[in-house]
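Quick note: numbers below take in every heavy atom, side chains included, and nothing from hydrogens, waters or symmetry partners. Note on naming: letters A, B, ... go to the chains in the order of the sequence lines (proteins, then strands), and numbering restarts at 1 for each one.
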There are 2 protein chains.
Amino acid sequence: MPLQPVVRRSVPDEVFDQVLAEVVDGEIGAGETLPSERRLAEVLGVSRPAVREALQRMAQTRLLDVRHGGATTVRDFRRYAGLDLLPQLLVRKGSLDAAVARSVLEARLAIGPSVAALAAERGGETLGALLTACVDELAATDDDVERQVHALTFWDLVVDAADSVVFRMMFNSLRAAYEPALEALAPAMAEEVGQAGAYRVLTAAISAGDPETARAAADRVLRPATDSLVSALAALEQTQEQR
Amino acid sequence: MPLQPVVRRSVPDEVFDQVLAEVVDGEIGAGETLPSERRLAEVLGVSRPAVREALQRMAQTRLLDVRHGGATTVRDFRRYAGLDLLPQLLVRKGSLDAAVARSVLEARLAIGPSVAALAAERGGETLGALLTACVDELAATDDDVERQVHALTFWDLVVDAADSVVFRMMFNSLRAAYEPALEALAPAMAEEVGQAGAYRVLTAAISAGDPETARAAADRVLRPATDSLVSALAALEQTQEQR
DNA sequence: GTTGGTCAAGTGGTCTGACCACTTCGCCGC
DNA sequence: GCGGCGAAGTGGTCAGACCACTTGACCAAC
């Protein structure tokens, strides 16, 4: 068994997670008020600064509305939460949320091709060589986890070449949600990252500076696994509907 | 002159913004270490908890790496920052960053049609009526700011109907960046939100449950303004290249 | 009755100073 | 050279205090 890094959870982290769970699971609905910082500190058995830090972090994520002198109220996270909340939503209570996972797959299928097209438009001279090297590495290994890492690097290069901050940040957010579960997802993604050929075609299109071909090639890289996983998740989603 | 709400900036807010600016402007490069919390508190003339709160918020945004007992180092925000950083990047030092604005436009043009297609697939019975009501309101006013608000509501409904959390959160993040500048952008967006007819076509396609028509209609709503603004920004970007 | 003022209670905002837990790194003895 | 020790410096946490603000009840003046 591979040794795991020791997880060190600070007190504010713990508080953050607990309050977040209350909010996300709907225990405290939007518009309701949270207990006061002092009260929370007392109940949780921690100091007020610790509570405060956690609440401020939640406020920054637009999950709380903290008003000086007034009460702290819960906001509707569905309406206000940004993409950075994705990791917390994707894996809740230790298991993957099927609806969220489906949504992630849909999003990357929608966005990936557009990013590839932009990369084809704007990619510099060296891009082709970098991508090729990356695909070579992907093709050279048999390990699905390693393949995923290389696929991620591949897309990282593509996103860089697209030269669009918003896509860059979207990619960062998605990766932040994806990476922690990378090992667990290895079997699910094996189908996709095993197709080195598809990545080669995409690389060629991008290198050639042909946006529309690149868009289609990217679709061909992403669609098969997306489709099969989405239907698998749809089945799972039925099961999960115990909420 | 319309009365403005009083802005009340807390000490940690102030610290957060200052440190963020240092990081985003590259004054402190990725990998470099920040002064210690005590030192920062002293230099900024505030208490350590205030500094701490700001730094923790930055760490949550993946902009800093805070290690117990060790130094606090700056991470490469280009590689790690999530979409929630968008507002801070879009308007820096009080003025709009052209490259970021261009990127926002590109992203919404890439994503909007896909969301519309999903909405057409999944939209319920009442969706059409809601969208129509929204477009009616949009068509009924002459004020460009109001029109934008209605357009935003329109897309809000579409995103809801698409029933995909990731797109929902992307939309939330984009809106959070967009709304503060809504008034300033009114002239730029007037062209788009003035085309009530295009929104009607899109509404019809979504109501009809026809994904591909909806995709094309959404493209037709978004593309004209996107194209003209992108070229305007390209010219501006030349000017801004004094960095 | 409505308006506006006052005041107390409760909340978040901030500070101080202390101590704990951890990392770093140089010194020391082997 | 190498392992271990320990001081110094860093972030983590706490307690308690006080300030600033909102809220709502109460009351006076119109």
Side-chain angles (χ1 to χ4, degrees), chain A residues 3-20 22-23 28-75 77 80, chain B residues 3-20 22-23 28-75 77 80:
Chain A
L3 297 177
Q4 295 292 316
V6 176
V7 287
R8 219 187 316 276
R9 306 182 52 68
S10 73
V11 174
D13 279 350
E14 198 74 44
V15 176
F16 180 87
D17 283 355
Q18 282 200 41
V19 180
L20 180 67
E22 295 274 305
V23 170
I28 314 179
E32 289 183 46
T33 73
L34 228 52
S36 75
E37 293 182 354
R38 291 169 231 269
R39 182 110 193 79
L40 271 177
E42 192 184 345
V43 171
L44 298 172
V46 301
S47 72
R48 203 181 138 206
V51 170
R52 181 180 166 72
E53 196 179 298
L55 296 190
Q56 288 299 329
R57 278 165 55 189
M58 291 199 58
Q60 157 143 337
T61 324
R62 297 193 292 271
L63 262 48
L64 292 182
D65 187 12
V66 179
R67 275 166 315 189
H68 188 176
T72 296
T73 59
V74 176
R75 303 180 72 182
F77 74 93
Y80 293 105
Chain B
L3 297 177
Q4 294 292 315
V6 176
V7 287
R8 220 187 315 276
R9 306 182 51 67
S10 74
V11 175
D13 279 350
E14 198 72 45
V15 176
F16 181 87
D17 283 355
Q18 282 200 40
V19 179
L20 180 67
E22 294 274 306
V23 170
I28 314 179
E32 288 182 46
T33 73
L34 228 51
S36 74
E37 294 182 354
R38 291 169 231 269
R39 183 110 192 78
L40 271 177
E42 192 184 345
V43 171
L44 298 172
V46 300
S47 73
R48 205 183 134 203
V51 170
R52 183 181 164 72
E53 195 180 299
L55 296 190
Q56 288 298 330
R57 278 165 55 188
M58 291 199 58
Q60 157 143 338
T61 324
R62 298 193 290 271
L63 261 47
L64 293 181
D65 188 11
V66 179
R67 275 165 314 190
H68 188 176
T72 295
T73 60
V74 176
R75 302 180 74 182
F77 75 92
Y80 294 105

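The side chain of B:Val46 sits closest to C:dC15 out of C:dG12, C:dC15, D:dT13. In the set D:dG11, C:dG12, C:dG13, D:dG11 carries the atom at the smallest distance from any side-chain atom of B:Val66. Minimum atom distance to the side chain of B:Ala50 is reached by C:dC15, of the listed C:dC15, D:dT13, D:dC14.
Separation of atoms CG (A:Leu63) and CG (A:Leu55) is listed at 11.0 Å; rounding is to 0.5 Å. Atoms CD and CE, on A:Gln60 and B:Met58 in that order, are 9.0 Å from each other to the nearest 0.5 Å.
Proximity of A:Arg52 to the phosphate of C:dT14: a side-chain N or O atom is located under 4.0 Å from OP1 or OP2. At the phosphate of D:dG11, neither OP1 nor OP2 sits under 4.0 Å from any side-chain N or O atom of B:Gln56. In this structure, B:Thr72 reaches the D:dG11 phosphate: one of its side-chain N or O atoms is under 4.0 Å from OP1 or OP2.
Judged purely by distance below 3.5 Å, without hydrogens or angles, the side chains of A:Ser10 and B:Gln56 never pair a donor atom with an acceptor atom.
Considering only residues two or more places apart in sequence or on other chains, B:Ala54 meets the side chain to side chain contact (heavy atoms under 4.5 Å, CB included) condition with B:Val15, B:Phe16.
With A:Ile28 as the fixed residue, the side-chain contact (heavy atoms from CB on, under 4.5 Å) test singles out one of A:Val19, A:Thr33, A:Val74: A:Val74.
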Margin query: Each nucleotide in nucleotides 16-23 of chain D should get exactly one letter: B, S or -. Can you fill that in based on protein heavy atoms under 4.0 Å?
Written below: -B--BBB-

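Atom CZ in A:Arg9 sits roughly 16 Å away from atom P in C:dC22 (whole-Å rounding).
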